[in-house]
Amino acid sequence: MRSKRILVWFRNDLRLHDNEMLVEAVAKSDGILPVYFFDPRHFGSTNLQTDKTGAGRAKFLIESVLSLREAMIRKGGNLLVITGSPESHICSLVEKYDISEVYHHREVGFEETSVSANVEDALWKQKINLKHFIGHTLYNKEDLPFPIKDIPDVFSQFKKKTERDAIVKPCYEEPEHIVFVESEAWGDVPDLKALGFSEEAVPESDLPGGEHAGLQHLNTLLSSGSTIYDRPAKQPPGKQAFFSRLSPWLALGCLSPRKVYWTMKAADQVPGAANFNQVLLGLLWRDYYRFMFKKHGIGFFRDSEFEQFVRQDKDAEPEALVRWKTGQTGNALVDGYMNELNKSGYIPHAGRLVVATYLVYVLKQDWIRGAAYFEEKLVDYAPASNWGNWASVAHKGLNVTNKAAFDLEKQIKVFDMDIADVA
């Protein structure tokens, strides 16, 4: 009798904990072949004169893949790493390793969705099934109080109904034992130079990639004496609000939203404390944008020229845009945030609202250029959250409750609000 081998295609789900795809693959196969692709398309340039991935996120990704490989080695196997597109390699892997089925997590970004469709079409010709899993959200879509097509487009309505009527499922346990398909060569994880970056281009960051680092950060965040337990009203004047900085690990799936949720629920010493609530609010915003992309696709953007603008080659960048990118606008707060973004690949959510508002309403630049620059620079870039937030600031998304232009001065005054950065 032929053994069943499952190829487990890792994407933005670089973890062993709370991974339904991995748990089911282990349970339903005689051996799994875990694979990660370093797709060259993720490291090229865009028509908006930006890079798809900057050096900071590339470094974080490399560390995260290495962490996943080390975790697989501890389980007695390894992670097959290939530099190339999934469409170009999966069919040959199916033949070489006698694969019966391919598992992967479904994405909602437009480019990522097209890659899945291309792979599914190619596998169909081999009569191999591509099974989809959804493991990036706090709430499973089947547990929502409405079907995807009926999800409220306004976040406040989505939040109210979801928190009232939906449940957060418990986490899947990490598999204790995994049987691996044998391979003679597991491939090398490329370094920054191989991906086209110089070491000098890497921004300064104290956020190492990988599941182990993410879990360690979560535990430190919740340790005794952490600022997460501070009451905002008792913070010293001028002290910046609490930031969780969980978003980089959430973006690559090194941490699952449910792991964060249940760990925080267990640690909350004062149920309903402000800082805990803000982190959970951030998780809900992540869900909202992912479900909006799932529901509407590119129709989420109320911008008739969106596709054309993104795909056409652009002329030289306007001077105002260059000054914004390089932190030379003359506005101290905006320049401070942009310099921090360029230096570290990270700024808190409140800062992102300030610089986006300034670009769109003061400098009168197209929001799409700003979103593309964030895509390059942010170590925690996630398509739905990034493009969804930018569209909302520019009033080009469906979550529009106030059609008046954003008030920059108001944004500056409220930037100290307690917004935990997990979006």
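Nothing fancy with the numbering, it's 1 onward along the sequence. These values consider heavy atoms only, across backbone and side chains, with no hydrogens, waters or symmetry-generated copies.
Under the ring pair (Phe, Tyr, Trp, His ring centres under 6.0 Å) criterion, no residue pair touches residues 66-85, with sequence neighbours excluded. Among residues at least two apart or in separate chains, there is no salt bridge (Lys or Arg N to Asp or Glu O under 4.0 Å) pair with a member in residues 176-190. Sorted by first and then second residue, the salt bridge (Lys or Arg N to Asp or Glu O under 4.0 Å) pairs with a member in residues 8-26 read Asp18-Arg258, Glu24-Lys28, Glu24-Lys131; sequence neighbours excluded. Pairs passing the salt bridge (Lys or Arg N to Asp or Glu O under 4.0 Å) check and including a residue from residues 51-60, sequence neighbours excluded, read Lys52-Glu111, Lys52-Glu375, Lys59-Glu63. Evaluation of the salt bridge (Lys or Arg N to Asp or Glu O under 4.0 Å) test over residues 69-80, restricted to residues two or more places apart or in two chains, returns Lys75-Glu174.
More than 12 heavy atoms of other residues, nucleotides or ligands sit less than 6.0 Å from atom CD of Gln126.
Legend: residues meeting ring-ring contact (aromatic ring centres under 6.0 Å, His included) with Tyr103, ordered by chain and number and at least two apart, are Phe133. The ring-ring contact (aromatic ring centres under 6.0 Å, His included) test applied to Tyr381 returns no partner, not counting sequence neighbours. Residues passing the ring-ring contact (aromatic ring centres under 6.0 Å, His included) test with His42: none are found, sequence neighbours excluded. Listed by chain and residue number, His105 satisfy the ring-ring contact (aromatic ring centres under 6.0 Å, His included) test with His136 (two or more places apart in sequence, or in another chain). Partners of Ser344 by side chain to side chain contact (heavy atoms under 4.5 Å, CB included), not counting sequence neighbours, listed by chain and number: Glu340, Tyr346.
Side-chain polar atoms of Ser64 and Ser67 form no donor-acceptor pair below 3.5 angstrom. For the residue pair Asp335 and Tyr358, no side-chain donor N or O sits within less than 3.5 Å of a side-chain acceptor on the partner.
In this structure, Phe293 and Phe300 have tilted ring planes: the angle between them lies in the 30° to 60° band.
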Indicate every side-chain donor-acceptor pair of residues 161-171 with a distance under 3.5 Å to a residue at least two apart or in another chain.
unit_1, atom_1, unit_2, atom_2, d
Thr162, OG1, Phe158, O, 2.7
Glu163, OE1, Lys159, NZ, 2.9

Contacts under 3.5 angstrom, residues 212-220 side chains, donor-acceptor by atom type, not counting sequence neighbours:
unit_1, atom_1, unit_2, atom_2, d
His217, NE2, Ser244, O, 2.8
Asn219, ND2, Leu215, O, 3.2
Thr220, OG1, Gln216, O, 2.9

